[in-house]
Engineer: 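Here you go, one structure.
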Amino acid sequence: MLEKIFKLKQNNTNVKREMIGGVITFLTMSYILIVNPNVLGTTGMDKAALFTATALATIVGTLLMAFIANLPISQAPGMGLNSFFAFTVVLTMGYSWQFALTAVFIEGIIFIILTFFNIRELIVKSIPKSIKDAIPVGIGLFITFIGLQHSGIIVKNDTTFIGLGDLANPNVWIALIGLVVTGTLFARNIHGAILIGIVVATVFGIIFGEIHFPEGNLVSLPPSIAPIFCKFEWSNIFSLNMLLVVFTFLFVNLFDTVGTLIGVAARAGFIDKDGNFPQIKKALFADALGTTFGSILGTSTITSYIESASGVASGGRTGLTAVIIAIMFGIALFFAPIILMIPASATAPALIIVGLFMIASVVNINFNDISESLPSFLTIIMMPFTFSIAQGIVFGMLSFVIFKLFCGKARQISVAMYIFAALFLLKMISDGMHVLS
C-alpha cells in the first residue's frame, strides 16, 4: 500500500529512510509548538488553545503536502507571518485578533483561486528580484528584534528608544545560554539544535527559579480550541487596511513558500534539467488549503518549512516522510502541560536563530545599482524600525517604482508594480487625511 501511494522505489527510498527523515524533520521544527503560542498569545489569544491549533494545523497542512504533492515537506504556522499577525496587525494597527484571522482565511481562499488558475506563478515573475531578496532579510531582522525583546536582552530606553537590558534579570541569561547552546549545536550539524537549545534554556530557567513544573498530570488530553476556533470578524473586510493586511500575508507567504519548495526540491533532486519543479502546483495547492484550514482552527498563515531540508538530507524523499512528521506532532499534542510551561525567554533564541537564517538572501541584492539597492535597503530597515513587515514592503515597493521612474528605467517596472504602488500611495494618502482631520 505504501509503495502504491508514495512510489518509494521510484524515488529510491524505503520505509526506514522515510521514518528517519520524518523524525529528524520533527525534531528540527517542533519548536513551533512552543514559539507560535507565545507569539500569537501576545494578542490575547488563549495560549493553551493555540498550542492545540498549532499542532492540528501542522498535522493537516503536512498531510495535505503528503497526499496531494507526495513531498517530504512539512507545513506549519510560518515564522514571520505569525509575527506580522501579532505585532503588526493586532498590536500596532490596533485590530482584533479576530480581524487578523479573517485576513488569513481570505488569503487562503484567494491562494486556492490563484493556484487553480496558475496566477501565483505569474505574480512571482512580476515582482522585482531585489525586493524578493530583501523581504526575508527584513523579516529576519524583525524576528530577531522580537526575540531580543522577549528575552529582555534589549529593553525600552527613554533617551535612545532602545538599550541593553538588565543583566541581573535571570531571563536574559536563560536566553543567552539557549542561544549559545543552539548556535553551537548548529555549528556541529546536530539535528534538533533549536529544540535542544529550548530544552537546555528551560532547564536553566528551572535552576534559576523562573520556571515551575505544572500541577497535575504531565500528560493530558489536548486543550480545547473552542476559544479561537472559527472566530472571524467580517465588519472590516472591505476596508483598505484589510486589503493591505491580506496582500501582505499573500505576498510574504507566496515568496516564503515558493523559496522553501524550490530549495528543498533542489536538495532532494526533484528539479529537472530545465530548472523546473513539476510538482510545484500541487505543493502550492496544499499550501493554500493548509492556510485556509489553519485560520479556521485559529492560527496564522501556514507555510512550508525550510527545516524539511534536514529530513531530506537524512533520506526522506516522499510524502511518507511528511506522514511521519504529522504522526510525531499528533503524539506531541498530549504533552501540552510540559510544553506550555516553557517561557518566552527560552524560545527567544529560536527567534534569533531563525532571523539569522532569513537574512542570507542579502548577498543576492545588487548594491552597485542604487535604484535596486535603495528600495531593498528601505524594505529591510523599515520592518524592524517601524515594527511592521507591511510598512517595510510598502516603502520598498513604492520606492522601487519612484526611483526607477526618476532614473529613466521605467521599462523595468511591471504593470503589477504600478498597481501595487498606486494602492500603497492611496493608503498613505488616506492615512494622512485621517491624521489631518
Side-chain angles (χ1 to χ4, degrees), residues 31-32 34-47 50 53-54 76-104 107 134-157 161-162 165 171 175 228 231 233 236 241-242 244-253 256 291 294-295 298-303 343-356 358-359 379-396 427 431:
Y31 66 87
I32 194 62
I34 306 165
V35 177
N36 197 54
N38 275 337
V39 172
L40 297 185
T42 61
T43 67
M45 299 176 76
D46 185 280
K47 284 190 177 182
L50 281 168
T54 299
M79 297 293 292
L81 290 160
N82 55 5
S83 298
F84 174 72
F85 181 109
F87 300 107
T88 298
V89 180
V90 179
L91 299 181
T92 301
M93 296 176 69
Y95 285 102
S96 65
W97 57 263
Q98 291 90 340
F99 174 94
L101 273 182
T102 307
V104 174
E107 175 213 356
I135 288 172
V137 180
I139 295 175
L141 293 178
F142 183 50
I143 290 175
T144 300
F145 184 61
I146 293 169
L148 293 172
Q149 277 191 320
H150 282 184
S151 63
I153 295 174
I154 60 171
V155 295
K156 178 181 178 182
N157 185 295
F161 293 103
I162 61 172
N171 285 300
I228 59 176
K231 300 293 184 180
E233 179 183 299
N236 291 298
N241 277 334
M242 176 62 84
L244 177 62
V245 171
V246 169
F247 172 75
T248 302
F249 276 131
L250 280 167
F251 188 79
V252 176
N253 189 24
D256 186 51
T291 290
S295 67
T299 188
S300 54
T301 303
I302 304 299
T303 188
S345 58
T347 61
L351 295 171
I352 297 170
I353 291 291
V354 171
L356 165 66
M358 296 188 74
I359 69 170
T379 302
I380 293 168
I381 64 170
M382 294 303 285
M383 288 185 187
F385 290 165
T386 63
F387 214 69
S388 169
I389 295 171
Q391 293 302 330
I393 294 175
V394 167
F395 275 87
K427 177 65 170 59
D431 289 344

Engineer: State, to 0.1 Å, how close Glu233 and Ser96 come at their nearest heavy-atom pair, and which atoms those are.
Structural biologist: OE1-OG, 2.6 Å
Engineer: First locate atom OG1 of Thr43, then atom CG of Leu50, and finally report the distance between them rounded to the nearest 0.5 Å.
Structural biologist: 7.0 Å
Engineer: Search all heavy atoms of Val394 against all heavy atoms of Leu244 and return the closest pair with its distance.
Structural biologist: CG2-CD1, 3.9 Å
Engineer: Donor-acceptor pairs under 3.5 angstrom involving side-chain atoms of residues 78-87: please list them, not counting sequence neighbours.
Structural biologist:
{"residue": "Asn82", "atom": "OD1", "partner": "Gly80", "partner atom": "N", "Å": "3.2"}
{"residue": "Asn82", "atom": "ND2", "partner": "Asn36", "partner atom": "OD1", "Å": "3.0"}

Engineer: Show me the donor-acceptor pairs within less than 3.5 Å that the side chains of residues 148-155 make with the rest of the protein, sequence neighbours left out.
Structural biologist:
{"residue": "Ser151", "atom": "OG", "partner": "Gly147", "partner atom": "O", "Å": "3.2"}
{"residue": "Ser151", "atom": "OG", "partner": "Leu148", "partner atom": "O", "Å": "2.9"}
{"residue": "Ser151", "atom": "OG", "partner": "Ile153", "partner atom": "N", "Å": "3.2"}

Engineer: Please give me the minimum heavy-atom distance between Ala103 and Met242, naming the atom from each residue.
Structural biologist: CB-SD, 3.7 Å
Engineer: Atom CZ of Phe142 and atom OG1 of Thr386: how far apart are they, to the nearest 0.5 Å?
Structural biologist: 7.5 Å
Engineer: Does the side chain of Ile162 reach to within under 4.5 Å of the side chain of Lys156, using non-hydrogen atoms?
Structural biologist: no
Engineer: Given side chains that start at C-beta, do those of Met383 and Ile393 come closer than 4.5 Å, heavy atoms only?
Structural biologist: yes
Engineer: Roughly how far apart are Phe385 CZ and Leu141 CG, rounded to 0.5 Å?
Structural biologist: 8.0 Å
Engineer: Starting at CH2 of Trp97, measure out to OG1 of Thr42 and round the result to the nearest 0.5 Å.
Structural biologist: 13.0 Å
Engineer: Please examine the side chains of Val89 and Tyr95, heavy atoms only from C-beta on, and report whether any two atoms are closer than 4.5 Å.
Structural biologist: yes
Engineer: Has Ser295 got a side-chain atom pairing as donor or acceptor with Val104's backbone, closer than 3.5 angstrom?
Structural biologist: no
Engineer: Where is the tightest heavy-atom contact between Leu356 and Thr144, given as atom of each residue plus distance?
Structural biologist: N-OG1, 4.3 Å
Engineer: Verify the distance criterion only: is there a donor paired with an acceptor across the side chains of Thr291 and Glu107 at less than 3.5 Å?
Structural biologist: no
Engineer: Please report the closest heavy-atom contact between Ile228 and Leu101, naming both atoms and the distance.
Structural biologist: O-CD1, 4.0 Å
Engineer: How close do Tyr31 and Ala350 get, heavy atom to heavy atom, and via which atoms?
Structural biologist: CD1-CB, 4.3 Å
Engineer: Answer yes or no: is there a side-chain heavy-atom contact under 4.5 Å between Ile359 and Pro136?
Structural biologist: no
Engineer: Measuring from atom NZ of Lys231 to atom CG of Asp46, what distance do you get when rounded to the nearest 0.5 angstrom?
Structural biologist: 11.0 Å
